[in-house]
Amino acid sequence: MTQESAPRRAKHLMDPDAPRQRSTPEDLERLAHVQRTVMSVLVATTIFHLSVGLVIGAFFIEDTERVAQVGLCVLGGLFGVLAVISAYLIHRKPINATRAATAVAVGFLPTVVGLYIVFR
């Protein structure tokens with residue numbers, strides 16, 4: 001008496017007898033939050049790398065060209081501020097005075113370090 005059982009279905013495959021549950025609004029909200037977080041980290045990191053790259057570029061300019069060195073450092077700071085503000089905007093946070101001050105402080109950090117090293 002051998003009884004044949006149905007073959008076991010691998011768990012990673014779709015089972016037509018047990019369809020997936022519908023996504024709840026809470027699930028969709030959590031997914032949207034994760035997507036915004038990932039996007040803001042990618043955007044801020046990419047733009048911040050550009051900012052640091054401009055500051056590093058200032059070190060490779062001759063010391064006789066101080067205006068160009070300072071200009072690249074300031075441009076790096078502006079891109080740094082843009083990186084922080086873009087992260088706030090992706091998260092749909094309003095830009096108030098506190099967040100603007102944070103964006104300026106964090107964004108101009110590469111500029112301050114770059115100017116310190118350039119004028120040293």
Side-chain angles (χ1 to χ4, degrees):
M1 281 177 56
T2 60
Q3 230 178 16
E4 289 189 32
S5 62
R8 244 181 100 139
R9 183 175 295 275
K11 290 186 178 186
H12 68 280
L13 298 176
M14 185 181 93
D15 186 4
D17 297 329
R20 278 187 15 192
Q21 295 177 350
R22 291 208 176 264
S23 297
T24 64
E26 293 84 22
D27 291 337
L28 296 176
E29 183 59 36
R30 282 195 304 257
L31 176 64
H33 178 72
V34 169
Q35 288 173 337
R36 281 193 304 269
T37 301
V38 169
M39 182 58 80
S40 68
V41 167
L42 288 174
V43 167
T45 303
T46 302
I47 298 173
F48 206 69
H49 273 87
L50 173 65
S51 171
V52 172
L54 287 171
V55 172
I56 290 173
F59 302 135
F60 292 104
I61 295 177
E62 301 269 337
D63 285 340
T64 58
E65 301 290 331
R66 284 284 183 210
V67 174
Q69 288 177 327
V70 171
L72 282 177
C73 287
V74 170
L75 278 174
L78 292 175
F79 275 109
V81 171
L82 179 71
V84 177
I85 288 178
S86 65
Y88 282 138
L89 291 176
I90 288 173
H91 280 284
R92 299 181 187 144
K93 303 281 185 192
I95 305 298
N96 55 21
T98 305
R99 287 194 176 109
T102 303
V104 170
V106 173
F108 273 111
L109 188 62
T111 297
V112 171
V113 172
L115 288 176
Y116 173 77
I117 293 174
V118 164
F119 286 122
R120 194 169 62 140

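Keep in mind the model is a prediction, meaning the values are calculated, not measured.
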I need the M39 CE to T37 OG1 distance, nearest 0.5 Å. 11.5 Å
Side-chain heavy atoms nearer than 4.5 Å, only ILVMFWY residues, links allowed to pass through others: does that put F79 and L109 together? no
Kindly give the heavy-atom pair with the smallest separation between A103 and I85, and that separation in Å. CB-CG1, 3.7 Å
V118, V112: one ILVMFWY side-chain cluster at the under-4.5 Å cut-off? no
Roughly how far, to the nearest 0.5 Å, is the NE2 atom of H33 from the CG atom of L28? 14.5 Å
Determine which pairs satisfy side-chain hydrogen bond (donor to acceptor under 3.5 Å, both in side chains) with at least one residue from residues 81-92, sequence neighbours left out, and list them in order. S40-H91
Give the C-alpha distance, both sets of side-chain angles, the deciding distance and a yes or no for side-chain contact (heavy atoms from CB on, under 4.5 Å) between L89 and I95. CA-CA 8 Å; L89 291 176; I95 305 298; 4.1 Å; yes
Distance-only check: which donor-acceptor pairs under 3.5 Å involve side-chain atoms of residues 41-58, not counting sequence neighbours?
| residue | atom | partner | partner atom | Å |
| --- | --- | --- | --- | --- |
| T45 | OG1 | V41 | O | 2.6 |
| T46 | OG1 | L42 | O | 2.8 |
| H49 | ND1 | T45 | O | 2.7 |
| S51 | OG | G76 | O | 2.4 |

V113 with Y116, same ILVMFWY side-chain cluster at under 4.5 Å: yes
For F119, is the CZ atom crowded, meaning more than 12 foreign heavy atoms sit under 6.0 Å from it? yes
Assess whether side-chain contact (heavy atoms from CB on, under 4.5 Å) is satisfied between D63 and Q69, documenting all intermediate values. CA-CA 8 Å; D63 285 340; Q69 288 177 327; 3.4 Å; yes
In chain order, what residues pass the side-chain hydrogen bond (donor to acceptor under 3.5 Å, both in side chains) check against R30, with sequence neighbours excluded? D27
Separation between CG (L72) and OG1 (T111), nearest 0.5 Å, reads 10.0 Å
